[in-house]
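Okay, structure first, notes after.
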Amino acid sequence: MPELPEVETIARQIAERVRGKTIAAYRSDWAGVAARTLGARVAGRRITGVGRRGKLIVFHLDDDHVLLVSLRMTGRLVYDAAPNGEVDRSLRATFTFHDGTRMRFLDSRKFGRILRVPRGDVALDADAEVRHASLPLHARMGIEPLTEAFTVEWLTAFFARRSRAALKPLLLDQSGIAGLGNIYVGEALWRARVHPTRTAGSLTRAEVARLHEAIVWVLQKGIRLNGATLGFAMGDFADVEGRRGGMQREFTVYARAGEPCPRPGCGRAIVRTVVGARGTFHCPKCQKEPERGAVHPRRATAKPEAARRSRAGAGEPR
DNA sequence: GGCGATGTTTCCCC
DNA sequence: AGGGGAAACATCGC
């Protein structure tokens, strides 16, 4: 479940606790989490800063490398939390600092990853489009939606480039916009009153503007509430001290099939569908389904020169 | 005990 | 290009 707000919550909390500390030891008995040599490579390195890029937690080391932590589905990073049964069973790696405190990586499903890469190998800049082929995870990450680079104009151009893609899978693609996941995409689409299977090219200017506002709004709200925790079962999201988030109480559609749409004056039952193999929730009244098989023509209001440019562009060889 | 579903990402096929 | 499905793995609920 960790999406941008959850990862941001972890990164901020961890940053306060480990910034400036030196790694005394790294221990992991699980081959999947990182190379066996990671311990030798990070021992003695100081953590100069902690940040987030997309859904990755980024630890800056004093040797021009970064440590990337991908939580994937069930990964967790906890700091000096009292070990309990859950910790014992899903513990995958432990960082011990010189002051004796510890940061643990837990992951019941073992999808998470810890990587050490040269700093220049990862596109850390907010709007970097560069990629690095040697990076096995998140080789390519798109724009950061909470930076000034993410504007309505950017989103308009992005949708023009990917006009035939269905909206929801497109928003989940980390190489376009980095950090959105199943929950926040669903919430943003509801807020913008746009159906998940509309194609990107079919949106009106007003809809693109609403969606832009909605994406930023739901992410900021998620961060403000320290992320979302669903059932608090093993592997569910918890912060670095094991506490739940609060965003789940504010969900409008996610996991609310059958419940009334919370929009004032609506109240229609929320529907669950499957889009791109992911559970998808929407309000059938607020989010109008696209016409089946409809080819969305350029809007009738399109300026003549825009239409000509678009025709010429379509016919050009690449 | 079996089956289906679960937040993410990658990869392969059509 | 984009959609569908499966896989990575473990657990939970019915």
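Sequence lines set the chain letters: A, B, ... in the order given, protein chains first and strands last, and positions in each chain run from 1.
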What integer distance in Å separates [X]:[atom1] from [N]:[atom2]?
X      : N     : atom1 : atom2 : result
A:L71  : B:dT8 : CG    : P     : 11 Å
A:F251 : B:dT6 : CZ    : C1'   : 14 Å
A:F281 : B:dT6 : CZ    : C1'   : 11 Å
A:L230 : B:dT8 : CG    : C1'   : 14 Å
A:M73  : B:dT9 : CE    : C1'   : 10 Å
A:R162 : C:dG2 : CZ    : P     : 5 Å
A:N182 : B:dT9 : CG    : C1'   : 13 Å
A:I114 : B:dT8 : CD1   : P     : 19 Å

Output all residues satisfying side chain to side chain contact (heavy atoms under 4.5 Å, CB included) with [X], sequence neighbours left out; order by chain, then residue number.
X      : answer
A:A15  : A:R19, A:V50
A:R224 : A:K221
A:D173 : A:R162, A:S175

Side-chain N or O of [X] less than 4.0 angstrom from OP1 or OP2 on [N]?
X      : N     : result
A:R72  : B:dG7 : no
A:K55  : B:dG7 : no
A:Q174 : B:dT8 : no

Response to the item:
Hits for salt bridge (Lys or Arg N to Asp or Glu O under 4.0 Å) against A:R191, two or more places apart or cross-chain, chain-then-number order -> A:E213

What residues form a side-chain hydrogen bond (donor to acceptor under 3.5 Å, both in side chains) with [X], not counting sequence neighbours?
X      : value
A:R12  : A:E8
A:D64  : none
A:N226 : none

For nucleotides 3-7 of chain C, tabulate all protein N/O to nucleotide N/O atom pairs closer than 3.5 Å, reporting atom names and distance.
unit_1, atom_1, unit_2, atom_2, d
C:dG3, OP1, A:A166, N, 3.0

When you compare [N] with [M], how far apart are their [atom1] atoms, in angstrom units rounded to a whole number?
N     : M     : atom1 : answer
B:dG4 : C:dG5 : P     : 14 Å
B:dC3 : C:dA6 : P     : 15 Å
B:dG7 : C:dG2 : C1'   : 23 Å

Fill in: Per A:E3 side chain, nearest of listed nucleotides B:dT6, C:dC9, B:dT8
B:dT8

Discussion item. Side chain of A:Y254, heavy atoms from C-beta onward: which of C:dA10, B:dT6, B:dT8 has the nearest atom to it?
Written reply: B:dT6

Practice prompt. Determine the contact category for A:R278: base if any of its heavy atoms lies under 4.0 Å from a base atom, sugar-phosphate if only primed atoms, P, OP1 or OP2 are that close, otherwise nothing.
Written response: base

Within-4.5 Å side-chain heavy-atom neighbours: [X] and [Y]:
X      : Y      : value
A:I10  : A:F237 : yes
A:R193 : A:R263 : yes
A:F97  : A:I23  : yes

Discussion item. Would A:F111 count as stacking on C:dA8 if stacking means ring centres less than 5.5 angstrom apart and planes tilted under 30 degrees?
Written reply: yes

Fill in: Where DNA chain B forms stems, i.e. three or more consecutive Watson-Crick or G-U pairs with both distances under 3.5 Å
B:2-6 with C:10-14, B:8-14 with C:2-8

